[in-house]
Novice: 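Before I ask anything, let me first share the structure, which is written out below as structure tokens.
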Amino acid sequence: MLVKNEIKKIGLLTSGGDAPGMNAAIRSVVRSCVFHNIVPVGISKGYDGLISAKMTEMNARSVKGIINKGGTILKTARSKDFRTKEGRKKAFDNLKNNKLDGLIVIGGDGTFTGGLVFSNEFDFPVIGIPATIDNDIYGTSHTIGFDSAINTVMQSIDKIRDTASSHNRLFFIEVMGRDAGHIALNTGIAGGAEEILIPEEDLGLDRLIQSLKRSQKTGKSSSIVVVAEGDKTGDNVFQLKDYVEKHLPEYDARVAVLGHMQRGGSPTCFDRVLASRLGVKAVESIIAGENCSMVGLQNNKVLLTPFKKAIKGITEINPELLKVSDIISI
Ligand code: F6P
């Protein structure tokens, strides 16, 4: 295990889907390295950049003016080559040739899985910072980007509601979340949705129809159903709309798929502070000789979770939020 004075250079990359606040995390890591007399090295385009040796030494000024910017100045990718042993061997050779002593990876579970495999293969220190709008990483109450994304989605729902109520329409709004319903549940509550469909809970088509009938009976003239991308109630959100229109022909239904606009934009204050805290802790963790772990927020403390747990652990949906949604959507 490397100890404090052996760490002279740390590599840094962003990988997987971009998330607002990644730049704030990059800034924090770079400046923490400089603070500890460590040279930060930015790796471009995630693990692909590690394989093709796209690396540049950075300094405190390399990260000026980015704390408020969405996306990632380091670029990102979902690397196929890093899934191969040859790819990872090239990456390791490049790290050694450039005299790097540790690696900080910013991303989601795919990023940490890559980091874990790589570190085990080559005994190389890797620390992760969770950044994904989905908030589906175990070991942190919040991933970087989640808060920004839910605020973006909430504002979109508010705008769609203007049309829904003006035309007495039913809107199905699809939000991101391949395997997790955190975005849908939180924005559904905040946007006053009548129903929220998430992969973790099988509401079923019948209950959806019953619920919409009840809404009509209680005098609602327009309705919003927030659907997580990964929800299994229908084949997809368009099929869901067709099904409802067939069974409730009195509804004038529309679909809005919010898509990638959810991942863009300036990070919220919460995400900037979170990214700054996690970046500092990630550098401190590498210096302290930690490996194969992710920094995360637990009860407002920044703590480490082993990659193995962070990847495999289930991020449970808060049942209280489900109850709140049921009660206040009547
Ligand atoms: O990063 C998470 C996420 O935004 C998911 O919610 C979504 O399913 C996926 O990425 C989309 O990925 P891509 O941009 O590669 O199509």
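Order of listing sets the numbers, starting from 1, for every ligand and every atom in it.
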Novice: Using the side chain to side chain donor-acceptor pair (under 3.5 Å) definition, which of the options Thr315, Asn318, Thr187 pairs with His182?
Specialist: Thr315
Novice: Measure across Glu200 and Ala180 and return the closest heavy-atom pair with its distance rounded to 0.1 Å.
Specialist: OE2-CA, 3.2 Å
Novice: For atom 14 (O) of ligand 1, which candidate among His260, Gln262, Arg178 holds the nearest heavy atom?
Specialist: His260
Novice: For the 3.5 Å polar cut-off, considering only N or O atoms, please tell me whether Gly17 and ligand 1 meet it.
Specialist: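 No: no nitrogen or oxygen of Gly17 is under 3.5 Å from one in ligand 1.
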Novice: Please lay out, stage by stage, how Ser222 and Arg169 fare under the test side-chain contact (heavy atoms from CB on, under 4.5 Å).
Specialist: CA-CA 5 Å; Ser222 66; Arg169 277 182 185 160; 5.7 Å; no
Novice: What is the closest protein heavy atom to atom 13 (P) of ligand 1, and at what distance does it sit?
Specialist: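 Checking every protein heavy atom, the shortest distance to atom 13 (P) of ligand 1 gives Arg78 NH2, 3.5 Å.
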Novice: Check contact between Gly16 and ligand 1, using heavy atoms of the residue and a distance below 4.0 angstrom.
Specialist: no
Novice: Would you call the rings of Phe92 and Phe124 parallel, tilted or perpendicular, taking 30° and 60° as the class edges?
Specialist: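 Perpendicular: the ring planes of Phe92 and Phe124 meet at over 60°.
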Novice: Could you list which atoms of ligand 1 come closer than 4.0 Å to a heavy atom of Gly177?
Specialist: 6 (O)
Novice: Would you check if the side chain of Arg88 reaches a backbone N or O of Phe82 as a donor-acceptor pair within less than 3.5 Å?
Specialist: yes
Novice: Tell me if the aromatic rings of Phe118 and Tyr47 count as close, with their centers under 6.0 Å from one another.
Specialist: no
Novice: From the options Met176, Glu229, Arg263, select the one whose nearest heavy atom is closest to atom 10 (O) of ligand 1.
Specialist: Arg263
Novice: Considering heavy atoms of the protein only, find what lies nearest to atom 2 (C) of ligand 1 and give residue, atom and distance to 0.1 Å.
Specialist: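 Atom 2 (C) of ligand 1 sits closest to the protein heavy atom Asp134 OD2, 3.5 Å.
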